[in-house]
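Small disclaimer: the values here were computed from a predicted structure and weren't measured.
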Amino acid sequence: MRQHVTGISLLKAALCAGSALVSSAAMAQDAAPAPQDAADTAAPADETATAGDIIVTGFRQSLQAALNVKRESISAVDAVVAEDMAKFPDQNLAESLQRIPGISIQKDGGEGRAITVRGLGAQFTRVRVNGLETIATSSDGASANRDRAFDFNVFASELFSSLVVHKTAEASLDEGSLGAVVDLNTGNPLAGKKGLTAVLNVQGSYNDLSKNVGPRMAGLLSWRNDAGTFGVNLSAAYSHTDTIESGNNSVRWAQAYFNSVDGNPCFYSVPGATGGNPVSSGGSYRPSAACDEASLSFHPRIPRYGVVEHDRKRLGLTGSIQFEPSDKTKFSIDGLYSSFKETRAEQWLEVLARSNERRFDVVDPVYDDKGNMVSATFNNAYVRTESYLRKSETEFWQVGATWDQEIGDRFRFTALGGMSQSNADIPVETTFAYDNRNANGFSYDYSDMKSPVLSYGLDVANPANFQLAEIRDRPSYVKNRFKTAQLRTEWDLTDGFTVKAGAVWRRYDFRTQLFQRDTAACGANGTRDLILGTVTCSSSVYGLPVTSDISQLVNLGNAGQPSGTTSQWLVADIAKAAEYTNLYGRTAVEDLGNNRQVRETTSGGYVQFDVKGEIFGLEYAGNAGMRYAHTNQVSTGYTAGIAKTVERSYDDWLPAMNLAFYPHHDVILRGAIAKVITRPSLGNLNPGGSVDGFNYRITFGNPELKPYRATNFDLSVEWYFAPQALFSVAGFVKKIESFPVAGTYVTTLPQLGFDRSVLGASTPAYINYDPNQEYVVSTQVNGQGATLKGVEVALQLPFTFLPGILSHTGFQGNATFIKSNADYTITGPATSACTRNATTGACGLSGVSAIYNQTLLGVSKKAWNATLYYDDGKFSIRGSVSYRGPFVDATSATGNIFEGYGSYTSVDAAIRYKAAEWLELSIDGNNLTDEYRYRFNDVYANRNYENNHFGRTILFGARAKI
């Protein structure tokens, strides 16, 4: 009769699995699964090996250990296991997870940040650290994470011993996931060898774009007494990297009216206007073929090239104490601390077409068959250089305690409790803008969408050609706090029949605060500037004089730009400009429209029945049960400075069943069905809202959103046809019954009961306030649901059947294919250049709202990865290729229909050489092809949103163990 690692034992098995021992007998035939107790109490391999044993080491060892975890589970589980202490097989946790079938990653700044599981985005995945659910929030990439998604880039990979991914639900498994539950496990000192173990890993990290070398260090101390009843370990990891991201960005495309097209005036003249160009808000539209074609086409809103520097520092600490006074009692205390600091500096050269097109004269426009103005020359253009600096710090800590107890031979329980907190602070988010608002001769050419030509008819390196027009600082703070108390019990009523029951209480507090020190230099003409009060504003004076004392030159370098692109320009030196303007001395005003908080309290319990036995000579194992969850949410938000609090609660009954059949000793058939939920996005629960005076958009939250609810169906077959080998095929269907979707409509501020006061003082909507200006209002509503179907195929094959050194090679790979669809209501492009306003009779470009059917957001239809390796115990080398197909990740804006990312392929390699029993040398290469990441705007027109690259990263170093 087979026995299986289930429930409480699964995490312990993962922690112990790093020592993979394969006997010579097992090499001759398929290894049988280890019994449950063996997984919990097995001594380390170096203490039990005999002369007849073959020790599997290195990368092959980690693959075998991961297979052990997968094979012994009743539900669908995959794992990545460290081959040794403080020696995770990848440099980034997210990049390790992408080797698991069905998992893809989202990168920011060249590093894996978030994961999608079977097509469902990061917010649908619950993450537990040492058994406690938590959220780690970073401010890396272009934006801070203010959602339920877990940012894996917060942690150094060396701090963890295993990752376990639960793809199917069990009643005993924490609810809240439509995609998966991911367990991150740190040290397990009682699984180590007796006495003292010390490990030190020192590496250098070199990026070929930044040309910088940074340190990466990790160390571990572990001690276990001779009796194996007490153990303690401490680990630490530190890294400092300085990388460059360079490329281009359009900040979406849009439709708009221009002043003239090829000499054809698009507006009737304004009495009293001078200089050949009417003021941007005056006149009425003058229809013509040339002006209509230009206004209905899409043009880049902020065409630009730029350089982004990412300076990151990570510090991680873990500690674990375990006491096992008897074979029936064990106490564990685990702690984890992580600090992730990033300084992000951006320098851009751009044309600010957004909201300023009314002043532009268009010359020689060229249109494609998708409605895009792919090239043109702009006169009287709004040229800007931006210098941006953001300093952020994520500080995460967690403390948890576990009591494992067996009472008699048939009853056992685990009591678990703890607390975690993640603070993502941005004390500095500063922008200085240099403007030239009447520049002639700017030209662009997006014939090659990925690599446009941007050329300026202006000396953009000369301070005399610019004015300091705008200063901003927007500090923000996000706090996530989890408190958990949980009791899990198991009672073996008879052989092959176990009853599991438990209860859980969790409290989750989320709060975000944003502040502003923004101002445009000039308000009304004839008044003093709003920064220093030293110049008088007029139609030609809109900022302070720019000098070289507060400026610096930027060289674009290698950004994939074609010949003819302007590649050097002037920007503000942040430190000098901040001192000159006293930016940080200005009073920070709270941005209440973007401030919110949610308290979510969940309580509930479960009952589950585990069975195993034989039927008609066929071995089987399974579990079935019911989980109950009560959710209480209190949400607070602001609109126009007025606070609003909404409280609501709801209940869910979540049945789940998993079955595994064993028609042959090396074949497993699995099936599962479960009701699952994911609670709504935190940002969408905001009962308040914000007004965007740049894009003329208004965003409101909806605290009454229902959870995402779904029924999951899973079926798989696994064939363990040789030691360390697996071929598997899995199919899954997720019927999502309720799915919040975006809803939009068009209105004016007065119609919503608002006036100019809700707008930011530096926005075009405030400066050129028009009560008849239409805004697109976006919110979330409870939709009709969606369907997701997919297939995963995986193969793990050591080439032990090949002769000589080839017998030390092997392959690991998988592919996932997904089909999904959902309906989204989107305000698309305007179809008429002159839609009359019913009140004023003026022409307007009004988008048309329609329902579009598309794949679920974040879903790639195809993803695969493959690894070839050689490992003889002394020398190892592996090369990996991972591919993720294109996907949409948002419903977009400014008339575009969805936006997302193009396909992405990453090539990585690692070399290890064991110079001595205690010393190993290593070289790792990440993104060896220097792949560009392309982001598109409008899934049908494939307009350029951004295209950038991050360079290759090479890590080299040594690892010592005593």
Side-chain angles (χ1 to χ4, degrees), residues 90-96 98 105-114 138 140-142 152-153 156-157 203-216 239-249 304-314 340-349 388-390 392 448 450-452 554-562 565 567-568 571 865 878-884 901-911 922-935 944-957:
D90 293 276
Q91 301 300 325
N92 183 287
L93 294 179
E95 289 161 7
S96 288
Q98 75 176 340
I105 66 173
Q106 180 73 29
K107 289 191 173 184
D108 264 331
E111 292 187 351
R113 178 179 181 182
S138 79
D140 199 11
F152 289 89
N153 56 355
S157 61
Q203 291 180 304
S205 175
Y206 170 77
N207 180 269
D208 69 347
L209 272 186
S210 67
K211 310 298 184 184
N212 289 323
V213 177
R216 184 182 182 106
S239 66
H240 182 191
T241 60
D242 190 354
T243 60
I244 293 293
E245 170 187 351
S246 64
N248 62 77
N249 192 311
R304 61 185 185 174
Y305 274 93
V307 179
V308 181
E309 181 181 7
H310 304 268
D311 188 299
R312 300 184 176 109
K313 297 178 182 178
R314 287 184 183 86
F340 173 47
K341 298 179 180 180
E342 187 203 25
T343 298
R344 179 186 178 102
E346 304 180 15
Q347 287 87 34
W348 299 96
L349 172 62
Y388 171 90
L389 176 69
R390 184 178 69 199
S392 63
D448 179 353
K450 292 184 177 180
S451 301
V554 174
N555 290 293
L556 181 58
N558 174 21
Q561 70 273 30
T565 296
S567 298
Q568 187 181 67
V571 298
N865 64 77
R878 59 186 170 94
S880 299
V881 180
S882 62
Y883 167 85
R884 182 178 184 183
Y901 291 86
S903 61
Y904 188 88
T905 303
S906 180
V907 179
D908 308 313
I911 299 174
S922 65
I923 300 177
D924 295 87
N926 296 330
N927 190 30
L928 292 176
T929 59
D930 191 14
E931 182 84 351
Y932 275 69
R933 181 187 64 178
Y934 178 66
R935 188 177 182 185
N944 172 309
Y945 195 125
E946 64 179 355
N947 192 38
N948 45 37
H949 70 140
F950 311 93
R952 303 167 183 86
T953 299
I954 307 297
L955 297 102
F956 50 91

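Defined by atom type and a distance below 3.5 Å, a donor-acceptor pair is present between the side-chain atoms of His949 and Ser246.
Using a 4.0 Å cut-off between a side-chain N of Lys or Arg and a carboxylate O of Asp or Glu, Arg390 and Glu346 do not qualify as a salt bridge.
Closest approach of Asp242 to Asn207, counting heavy atoms only: O-CB, 4.4 Å. Between Leu209 and Phe950, the shortest heavy-atom distance links the atoms CD1-C, 3.6 Å. Here the shortest heavy-atom pairing between Thr241 and Ser205 reads CG2-OG, 4.0 Å. Closest approach of Asp924 and Ala910 over heavy atoms only: OD2-CB, 3.2 Å. Here the shortest heavy-atom pairing between Gly560 and Ser451 reads O-OG, 3.5 Å. Asp908 and Asn927 get closest at one heavy-atom pair: OD1-N, 2.9 Å.
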(message) Could you walk me through whether Lys211 and Tyr206 satisfy the side-chain contact (heavy atoms from CB on, under 4.5 Å) test, starting with their C-alpha distance in whole Å, then the side-chain angles of each, then the deciding distance to 0.1 Å, before giving a yes or no?
(response) CA-CA 7 Å; Lys211 310 298 184 184; Tyr206 170 77; 3.5 Å; yes
(message) Walk me through whether Asn865 and Val881 qualify under side-chain contact (heavy atoms from CB on, under 4.5 Å).
(response) CA-CA 5 Å; Asn865 64 77; Val881 180; over 6 Å; no
(message) Please evaluate residues Arg216 and Leu955 with respect to the criterion side-chain contact (heavy atoms from CB on, under 4.5 Å), reporting the C-alpha separation (whole Å), side-chain torsions for both, the decisive distance (0.1 Å), and the verdict.
(response) CA-CA 9 Å; Arg216 184 182 182 106; Leu955 297 102; 3.7 Å; yes
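Note that the CZ atom of Arg933 and the OH atom of Tyr901 stand 4.5 Å from one another [nearest 0.5 Å]. Between atom OG of residue Ser906 and atom OH of residue Tyr883 there is a gap of 13.5 Å, rounded to the nearest 0.5 Å. Atom OG of residue Ser882 and atom CD1 of residue Ile105 lie 6.5 Å apart, to the nearest 0.5 angstrom. Interatomic distance, Glu309 CD to Ser210 OG, rounded to the nearest 0.5 Å: 7.5 Å. To the nearest 0.5 angstrom, Arg304 atom CZ is 4.5 Å from Asn249 atom CG. Rounded to the nearest 0.5 Å, atoms CG (Leu556) and CH2 (Trp348) are 9.5 Å apart.
The main-chain N or O of Tyr932 is never found under 3.5 Å from a side-chain atom of Tyr904 such that the two would form a donor-acceptor pair. Remark: side-chain polar atoms of Asp448 are paired, donor with acceptor, to backbone N or O of Lys450 under 3.5 angstrom. At distances below 3.5 Å, at least one donor-acceptor pair connects side-chain atoms of Arg952 with backbone N or O atoms of Leu928.
The side-chain tip of Arg935 points at the ring of Tyr945 from less than 6.0 angstrom away and within 45° of straight on.
Contact check for Thr905 versus Thr929: no side-chain heavy atoms found under the 4.5 Å cut-off. At least one side-chain heavy atom of Ser567 sits under 4.5 Å from a side-chain heavy atom of Gln561. In this structure the side chain of Thr243 reaches within 4.5 angstrom of the side chain of Arg312, judged on heavy atoms. For the pair Gln203 and Pro215, the minimum side-chain heavy-atom distance is 4.5 Å or more.
Under the side chain to side chain contact (heavy atoms under 4.5 Å, CB included) criterion, Asn248 pairs with Tyr305, Pro452, Asn944, Asn947, not counting sequence neighbours.
A side chain to side chain donor-acceptor pair (under 3.5 Å) with Asp311 is found for exactly one of His240, Lys341, Arg344, namely His240.
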